[in-house]
Amino acid sequence: MANYVNKNIIISDLLQIDEGIVPILLGSGMHCIGCPSSWGETLEEAAYVHGINADELVDDINDYLHSALGVEDETDKAQA
């Protein structure tokens with residue numbers, strides 16, 4: 001599966017990719033996404049502050065983007 005984001009992405013950049021990411025962040029306990037100071041943080045920094053596993057969050061976001069964008073990568077093609 002393609003990785004669209006990593007834990008070094010800035011929150012403001014992340015939110016511009018797809019608005020469907022917002023419920024993922026909120027569901028993980030990251031309720032400060034509307035806070036202006038959080039927009040300059042990396043996903044990893046924000047996850048740390050909230051006690052969230054950044055790697056799991058990145059996986060959840062990439063899983064969502066993979067299904068939302070409907071893009072097949074080489075692994076998907078090999079399994080077909």
Side-chain angles (χ1 to χ4, degrees):
M1 180 181 333
N3 288 324
Y4 299 101
V5 301
N6 63 49
K7 58 188 174 184
N8 295 317
I9 191 167
I10 303 295
I11 297 292
S12 61
D13 294 337
L14 177 65
L15 296 176
Q16 291 179 26
I17 293 172
D18 188 300
E19 63 187 38
I21 295 171
V22 172
I24 296 169
L25 297 176
L26 292 173
S28 71
M30 198 177 294
H31 298 133
C32 67
I33 58 171
C35 175
S37 63
S38 73
W39 282 55
E41 293 179 325
T42 65
L43 184 58
E44 182 175 36
E45 291 167 334
Y48 176 79
V49 168
H50 290 89
I52 299 166
N53 182 311
D55 293 319
E56 290 177 6
L57 187 54
V58 166
D59 287 345
D60 290 345
I61 293 168
N62 281 322
D63 287 346
Y64 163 76
L65 290 173
H66 180 70
S67 65
L69 298 175
V71 176
E72 290 186 7
D73 63 18
E74 294 304 315
T75 304
D76 294 334
K77 290 177 186 175
Q79 293 175 359

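A quick note: this is a predicted structure, and the numbers were derived from the prediction, not measured.
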Non-hydrogen side-chain atoms of Glu41 and Ile10 separated by less than 4.5 Å: no
Joint cluster assignment, Tyr64 & Leu26, ILVMFWY side-chain distance < 4.5 Å: yes
Distance in Å, Asn3 CG paired with Ile61 CD1, rounded so as to fall on 0.5 Å steps: 11.5 Å
Non-neighbouring partners of Asn6 that pass side chain to side chain contact (heavy atoms under 4.5 Å, CB included), sequence neighbours left out: Asn8
Partners meeting side chain to side chain contact (heavy atoms under 4.5 Å, CB included) with His50 (sequence neighbours left out): Met30, Cys32, Ile52
Side chain to side chain contact (heavy atoms under 4.5 Å, CB included) partners for Asp55, two or more places apart: Lys7, Asn53
Within residues 30-39 or reaching into it, pairs that qualify as salt bridge (Lys or Arg N to Asp or Glu O under 4.0 Å) - sequence neighbours excluded: none
Leu57 CG to Ile24 CD1 distance, which is reported to the nearest 0.5 Å: 8.0 Å
Ile17: partners by side chain to side chain contact (heavy atoms under 4.5 Å, CB included), with sequence neighbours left out: Val5, Ile9, Leu14, Ile21, Leu65
Val22 reachable from Val58 in the ILVMFWY side-chain graph, under 4.5 Å edges: yes
Close side-chain approach of Thr42 to Ile11, heavy-atom, < 4.5 Å: no
Any pair counted as salt bridge (Lys or Arg N to Asp or Glu O under 4.0 Å), so long as it reaches residues 13-35, sequence neighbours left out: none
